[in-house]
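Values below: all heavy atoms of this structure, side chains included; hydrogens, waters and symmetry mates excluded.
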Amino acid sequence: MSEADRLRAILTDILLPVVLAVPLLLFFTGKLRELAIAHRKLTVYASTDSLTQVMNRAAFSTLVEAYLKDVRSAQSRAHGALLVIDADDFKSVNDRFGHDRGDEALVTIASSIKAMLRGPDLVGRLGGEEFGVFLPGATRDQAEIVAERIRRSVHDAPFEPEGAVHRLSVSVGGAVFDHELPFADLFRLADQQLYAAKQHGRNRVAIAPVSGTGRLEAA
């Protein structure tokens, strides 16, 4: 083989594929990155309430349940609190100002809740005008402080649907636990406290610890 043929073979069989492979590799790497970003976005969209931009009920309950299971598997002492937050007399907001303003009120409430939370805390919209907040590792005192801050934050939030201030308010029920229990039981107990807060006049907080038998202790 002549020198010219040898050089031509090197160019054709080695250098040309290498030259072509680099842009192709970059192209496919870019496409894979785009697909990964798109997948992450879809995951976020699927787990986020489109109106309030907090987690939806499925994502919230799944993450709380995962935390409780992780604690059980690690054989650690589970403790924390679940708050259930419900807007007071929300039907009157929709009836008086319309559903668009009602949506604005829900966004205001969600923002007020998020502003009062710590880094590891979770918040989700459970449905309608009801929200859930999970406080991993929180004591009863800490849960009461966070719940009261949320109540005040919502009450003080600016909401002026017709150019005049309309005060929003929420009732907060909470269950504080220091032993393992399923999410469904924890939610049921927190919801009982929410009902108690509503029964005692709304715009208030009702927090109670969960006993070793899985019931709420006297407040």
Side-chain angles (χ1 to χ4, degrees), residues 45-64 81-118 121-135 138 140 142-176 183-208 210 216 218-219:
Y45 293 151
S47 62
T48 302
D49 177 63
S50 60
L51 176 64
T52 60
Q53 297 303 301
V54 300
M55 283 183 286
N56 58 31
R57 185 186 185 103
F60 178 78
S61 60
T62 298
L63 283 179
V64 175
L82 177 68
L83 308 179
V84 180
I85 303 159
D86 190 72
D88 296 325
D89 297 317
F90 195 75
K91 184 177 182 299
S92 66
V93 175
N94 284 326
D95 290 346
R96 180 178 175 184
F97 304 115
H99 288 278
D100 286 344
R101 295 296 178 265
D103 287 348
E104 289 180 15
L106 288 174
V107 172
T108 298
I109 291 171
S111 298
S112 299
I113 293 172
K114 288 190 290 185
M116 296 298 106
L117 300 184
R118 311 165 302 171
D121 300 336
L122 304 176
V123 57
R125 185 182 178 192
L126 303 181
E129 59 271 17
E130 188 173 76
F131 297 84
V133 167
F134 184 65
L135 309 173
R140 180 178 181 176
Q142 291 169 334
E144 288 179 340
I145 289 171
V146 172
E148 181 59 24
R149 284 176 178 171
I150 289 172
R151 187 196 66 77
R152 290 180 184 175
S153 179
V154 172
H155 187 263
D156 295 339
F159 180 62
E160 302 178 4
E162 292 182 345
V165 174
H166 178 85
R167 291 293 180 190
L168 299 171
S169 73
V170 294
S171 298
V172 184
V176 183
F183 171 76
D185 291 349
L186 185 60
F187 175 80
R188 174 177 52 79
L189 296 171
D191 198 50
Q192 287 179 17
Q193 287 299 98
L194 173 63
Y195 180 78
K198 294 281 190 180
Q199 288 295 102
H200 286 85
R202 299 183 176 88
N203 191 27
R204 62 184 60 231
V205 170
I207 307 288
V210 180
L216 291 171

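- Taking CD of Gln142 as the reference point, atom CG of Asp121 lies at 9.5 Å (rounded to 0.5 Å).
- When side chains are defined from C-beta on, Leu63 counts as touching Met55, because their heavy atoms get closer than 4.5 Å.
- Summarising the geometry of Ala175 relative to Val210, their closest heavy-atom pair is CB-CG2, 4.0 Å, with the distance given to 0.1 Å.
- Note on Lys91 versus Asp95: salt bridge recorded, some NZ/NE/NH1/NH2 to OD/OE distance being below 4.0 Å.
- Between Leu194 and Glu130, some side-chain heavy-atom pair lies under the 4.5 Å cut-off.
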Exercise. Hey, mind stepping through Phe187 and Val64 against side-chain contact (heavy atoms from CB on, under 4.5 Å) and telling me if it holds?
Worked result: CA-CA 10 Å; Phe187 175 80; Val64 175; over 6 Å; no
For this session: Show your reasoning for whether salt bridge (charged side-chain N to carboxylate O under 4.0 Å, His left out) applies to Arg57 and Asp49.
Result: CA-CA 8 Å; Arg57 185 186 185 103; Asp49 177 63; over 6 Å; no
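- Arg101 CZ to Asn94 CG: the interatomic distance, rounded to the nearest 0.5 Å, is 12.0 Å.
- Across Ala81 and Val176, no two heavy atoms sit closer than the pair CB-CG2, 4.0 Å.
- Here the shortest heavy-atom pairing between Ala58 and Ser61 reads O-OG, 3.2 Å.
- No more than 12 heavy atoms of other residues, nucleotides or ligands lie within 6.0 Å of CZ in Arg152, so this atom counts as exposed by the packing criterion.
- Between the side chains of Ser171 and Asp86, no donor-acceptor pair of N or O atoms lies under 3.5 Å.
- No more than 12 heavy-atom neighbours from other residues, nucleotides or ligands sit within 6.0 angstrom of OH on Tyr195.
- Note that CZ of Arg202 is 4.5 Å distant from CG of Asp89, once rounded to the nearest 0.5 Å.
- Within the 4.5 Å cutoff, the side chain of Arg125 has heavy atoms near those of the Leu51 side chain.
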Exercise. Hey, mind stepping through His166 and Val93 against side-chain contact (heavy atoms from CB on, under 4.5 Å) and telling me if it holds?
Worked result: CA-CA 9 Å; His166 178 85; Val93 175; 3.9 Å; yes
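- The CG atom of Asn203 sits 9.5 Å away from atom NZ of Lys198, with the distance rounded to the nearest 0.5 Å.
- Val133 is not listed as a side-chain neighbour of Met116, based on a closest heavy-atom distance of 4.5 Å or more.
- Partner of Leu83 under the side-chain contact (heavy atoms from CB on, under 4.5 Å) criterion, chosen from Val123, Ile113, Val172: Val172.
- A distance of 11.0 Å separates CG in Leu186 from CG in Asp191, rounded to the nearest 0.5 Å.
- The two residues Val54 and Ala110 have their closest heavy-atom pair at CG1-CB, 4.3 Å.
- Residues Asp88 and Glu129 form no side-chain contact, since every pair of their non-hydrogen atoms from C-beta on lies 4.5 Å or further apart.
- The CZ atom of Phe134 sits 9.0 Å away from atom CZ of Phe183, with the distance rounded to the nearest 0.5 Å.
- In this structure, Ile150 and Leu117 have side chains that are in contact, with non-hydrogen atoms separated by less than 4.5 Å.
- Across every non-hydrogen atom of Ala138 and Arg118, the tightest pair is CB-NH2, 4.1 Å.
- Residues Val170 and Ala87 share a closest heavy-atom pair of CG1-CA, 3.9 Å.
- Counting only distance, with no hydrogens or angles, the side chain of His155 and the backbone of Arg151 share no donor-acceptor pair below 3.5 Å.
- Side-chain contact between Glu148 and Glu144: absent, with no pair of heavy atoms (C-beta onward) separated by less than 4.5 Å.
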